[in-house]
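Encoded as structure tokens, the structure appears first; notes follow it.
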Amino acid sequence: MLTPDRVLPMPVDTVSDDPVLHLTLLGKFANQMIEYMVALKLASLVPGCRISNVRIPHWNIEHPAIDSSGPVARVGPWEPIDLRALANALNAGQIRRVEWSGYGQQMRNFLPRDDYQAVFVSDQPQDAGFGSEYLVCPVRAGDIVDGAYGDYPLTPVELYAELVAQTGLQPVFMGQTEPNAYMGRLRERFPRAIFLDTRGPMADFALIRGSKNIVVGVSTFVWLAAWLSHADQIFMTVSGLFNPMQQRLVNLLPLGDPRYRFWLFPINYGVKLASHAEWHQRMMPYCRLVPHELLRRQLDEAPRFHRDLAAFLGEFDERFYLAANADVAAAVGSGALPSGRAHYITYGFREYRHPFPVDGYWYVRHYPMAAIEVAQGDYADLNHHYVAIGKARGYRPVPP
């Protein structure tokens, strides 16, 4: 899961009676750019809307904090932001201020790509990227190389090898290329490849954005640079954070954009560095190139198999549910709710809260068919898979 990395709010130096969108930026370079992109989309839907509390020095973007009257709508980090509903409420005068702290990583939250070209103007050389004979493979390793963030798996060496074989292009590995076992495998597999250490976020972003053929692993930085580019081909992994069946709050799949080729992965997570080679080799036979329309249909129809409340209640674990949901535990503790089970029946089931534990890392490694079936939208998540079919197959939700 993404971890909030808050930026301290700027001092208030202006007051306004106009509609206001006040942000508390989260994350770093690309995440903040994406949040500003979402803000621009909302502002475009509300005449006179002013953006508050944004400072992104890399791009010379600054909006002072604005004090304004309510009514106020507040949207938190782990809530989806509904721009249309907020815009309608602002335009109708039902609210006058939106206070948002979140990531907003959904394609529907963005303006057309070309609208952002004049927003993110780089001072880097215009010819910073690699031409049509190269395959640029930005490496996100660093803090994710040892599996610290579950939804950020490494891109398998085997996928790079398949893409190089298919395209015949010269691979360029750039970014977080410091020595480790993963980079050792890349250097061994591609002894004639170009390897470039990071030159800083702006230079790296410009290099990716200026290149003609790009591989997008699980990284919002790489994703955004590629999406804003004028590349001819973009090979994107539908893996980890980038698979909406694994991370429900995120959908960064530019379906319909002819530059993209989507590689659908089973549900998978970051693993310890010592295990990544064996895990990637086991997983790669289940990865496949998926046409846009098939991927769109799978996501639109997901889950393909019905979620049955009774089946989930048959596995309901009160102690687990209260431990996993502090808000429910507080309500039960205060007497506002009789039990976690009561909350799950009324709210939790349709909110896709997990009613019993499933060790996702263990489940997908031991039951690869489950990882495939959830990834392609047959089941909503691993809990749904277990109650719908896994239990009947003799699967266990957690290690014995």
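For reference, positions follow the sequence shown, starting with 1.
A donor-acceptor pair is defined here as one N or O able to donate and one able to accept, closer than 3.5 Å; such a pair exists between the side chain of Ser334 and the backbone of Ala331. Asp378 places no side-chain N or O within 3.5 Å of a backbone atom of Val374 that could act as its donor or acceptor partner. Listed for the Glu35 side chain is no donor-acceptor partner under 3.5 Å among the backbone atoms of Gly104. Here the side chain of Asp18 pairs no donor or acceptor atom with the backbone of Ser68 at under 3.5 angstrom.
Between Lys212 and His230, the shortest heavy-atom distance links the atoms NZ-O, 3.7 Å. In this structure, Asn268 and Ser239 approach most closely via the heavy-atom pair ND2-OG, 3.0 Å. In plain terms, the two heavy atoms of Val157 and His280 that are nearest each other are N-ND1, 4.4 Å. The two atoms that bring Leu26 and Gln32 nearest to each other are O-CG, 3.5 Å, heavy atoms only. Shortest non-hydrogen contact noted between Leu264 and Ala375 is CD1-O, 4.0 Å. Looking at every heavy atom in both residues, Ala141 comes nearest to Asn180 through CB-ND2, 4.4 Å.
Between Tyr260 and His292, the distance from one ring center to the other does not fall under 6.0 angstrom. The ring of Tyr152 has its center no closer than 6.0 angstrom to the ring center of Tyr269. Aromatic ring centres of Tyr379 and Phe305 lie closer together than 6.0 Å. Aromatic ring centres of Phe29 and Phe205 lie closer together than 6.0 Å. Annotation: Tyr386 is not in aromatic contact with Tyr395 [ring centroid separation under 6.0 Å not met].
A continuous path of Ile, Leu, Val, Met, Phe, Trp and Tyr side chains, each step under 4.5 Å between heavy atoms, connects Val238 with Leu255, placing both in one hydrophobic cluster. Residues Ile267 and Trp362 share a hydrophobic cluster, clusters being chains of Ile/Leu/Val/Met/Phe/Trp/Tyr side chains in contact below 4.5 Å. Under the 4.5 Å side-chain heavy-atom criterion for Ile, Leu, Val, Met, Phe, Trp and Tyr, Val387 and Val398 are members of distinct hydrophobic clusters. Transitive grouping of hydrophobic side chains (ILVMFWY, heavy atoms separated by less than 4.5 Å) keeps Phe320 and Tyr347 in distinct clusters. Taken together through direct or relayed side-chain contacts under 4.5 Å among Ile, Leu, Val, Met, Phe, Trp and Tyr, Tyr352 and Leu299 form parts of separate hydrophobic clusters.
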Problem set entry | side chain to side chain contact (heavy atoms under 4.5 Å, CB included) between Phe110 and Leu252, worked out | CA-CA 10 Å; Phe110 306 146; Leu252 293 175; 3.8 Å; yes
Exercise. How far apart are the C-alpha atoms of Asp317 and Arg319, what are their side-chain angles, what is the distance that settles it, and do they pass the salt bridge (Lys or Arg N to Asp or Glu O under 4.0 Å) test?
Worked result: CA-CA 6 Å; Asp317 183 327; Arg319 180 178 296 178; over 6 Å; no
For this session: Carefully, step by step, assess Leu224 and Met37 under the rule side chain to side chain contact (heavy atoms under 4.5 Å, CB included).
Result: CA-CA 11 Å; Leu224 183 54; Met37 287 160 52; 3.7 Å; yes
For this session: Would you check, one step at a time, whether the test salt bridge (Lys or Arg N to Asp or Glu O under 4.0 Å) holds for Arg50 with Asp17?
Result: CA-CA 10 Å; Arg50 300 184 62 185; Asp17 293 327; over 6 Å; no
Exercise. Is there a side chain to side chain donor-acceptor pair (under 3.5 Å) between Asn31 and Gln105 once you walk through the steps?
Worked result: CA-CA 9 Å; Asn31 285 331; Gln105 295 174 353; 2.9 Å; yes
For this session: Using the ring pair (Phe, Tyr, Trp, His ring centres under 6.0 Å) rule, take Trp59 and Tyr116 through it: C-alpha gap first, then chi angles, then the decisive distance, then the call.
Result: CA-CA 12 Å; Trp59 300 103; Tyr116 295 116; over 10 Å; no
For this session: Just do the salt bridge (Lys or Arg N to Asp or Glu O under 4.0 Å) check on Arg393 and Glu373 with the steps written out, would you?
Result: CA-CA 14 Å; Arg393 290 177 179 170; Glu373 289 164 340; 2.9 Å; yes
For this session: Show your working on side chain to side chain contact (heavy atoms under 4.5 Å, CB included) between Val218 and Arg140 and close with a plain yes or no.
Result: CA-CA 7 Å; Val218 183; Arg140 170 75 195 273; over 6 Å; no
Exercise. Stepwise, does the salt bridge (Lys or Arg N to Asp or Glu O under 4.0 Å) test hold for Glu301 with Arg296?
Worked result: CA-CA 9 Å; Glu301 296 176 356; Arg296 187 195 304 275; over 6 Å; no
For this session: Would you please test Leu86 and Ile95 for side chain to side chain contact (heavy atoms under 4.5 Å, CB included) and show each step?
Result: CA-CA 8 Å; Leu86 291 171; Ile95 58 175; 4.2 Å; yes
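Interatomic distance, Gln246 CD to Leu241 CG, rounded to the nearest 0.5 Å: 8.5 Å. If you take NE2 on His22 and OG on Ser52, they are separated by 4.5 Å, rounding to the nearest 0.5 Å. Interatomic distance, Gln176 CD to Thr198 OG1, rounded to the nearest 0.5 Å: 7.5 Å. Rounding to the nearest 0.5 Å places CG of Asn109 at 4.5 Å from CG of Leu83. For the atom pair Asp67 CG and Asn53 CG, the distance stands at 11.5 Å (nearest 0.5 Å). Taken to the nearest 0.5 Å, the CG atom of Leu23 stands 8.5 Å off from the OG atom of Ser101.
Heavy-atom contacts from other residues, nucleotides or ligands closer than 6.0 Å to OH of Tyr361 number more than 12. Sparse packing is recorded around CZ of Arg396, with 12 or fewer heavy atoms of other residues, nucleotides or ligands lying under 6.0 Å away. For Glu188, the CD atom is loosely surrounded, since the number of other residues' heavy atoms within 6.0 Å does not exceed 12.
Using modelled atom types and a 3.5 Å distance limit, the side chains of Arg209 and Ser229 yield no donor-acceptor pair. With no hydrogens or angles considered, no side-chain donor-acceptor pair links Asn251 and Gln106 at under 3.5 Å. With 3.5 Å as the limit, one finds no donor-acceptor pair spanning the side chains of His354 and Tyr321. Between Arg288 and Gln376, the side chains place a donor N or O and an acceptor N or O closer than 3.5 Å (distance only, hydrogens not considered). Checking His63 against Tyr36 by side-chain atom types alone, a donor-acceptor pair falls below 3.5 Å.
Asp381 meets the salt bridge (Lys or Arg N to Asp or Glu O under 4.0 Å) test with no other residue; sequence neighbours excluded.
Under the 4.0 Å criterion applied to side-chain N and carboxylate O atoms, Arg185 and Glu158 are assigned as salt-bridge partners. At a threshold of 4.0 Å, the pair Glu278-Arg282 counts as salt-bridged, since one of the basic side-chain nitrogens sits closer than that to a carboxylate oxygen.
Under a cutoff of 6.0 Å and an axis angle of 45°, Arg187 and Phe195 form a cation-pi pair. Taking the ring centre of Phe349 as origin, the terminal cationic atom of Arg307 falls inside the region bounded by 6.0 Å and 45° from the ring axis.
Using cut-offs of 30° and 60° on the angle between ring planes, the pair Phe316 and Tyr344 is tilted. Ring planes of Phe312 and Phe356: tilted class, angle from 30 to 60°. Below 30°, between 30° and 60°, or above 60°: for Trp223 and Trp227 the angle between ring planes is below 30°, a parallel geometry. The aromatic rings of Tyr160 and Phe190 sit perpendicular to each other, their planes meeting at more than 60°, with 30° as the lower class boundary.
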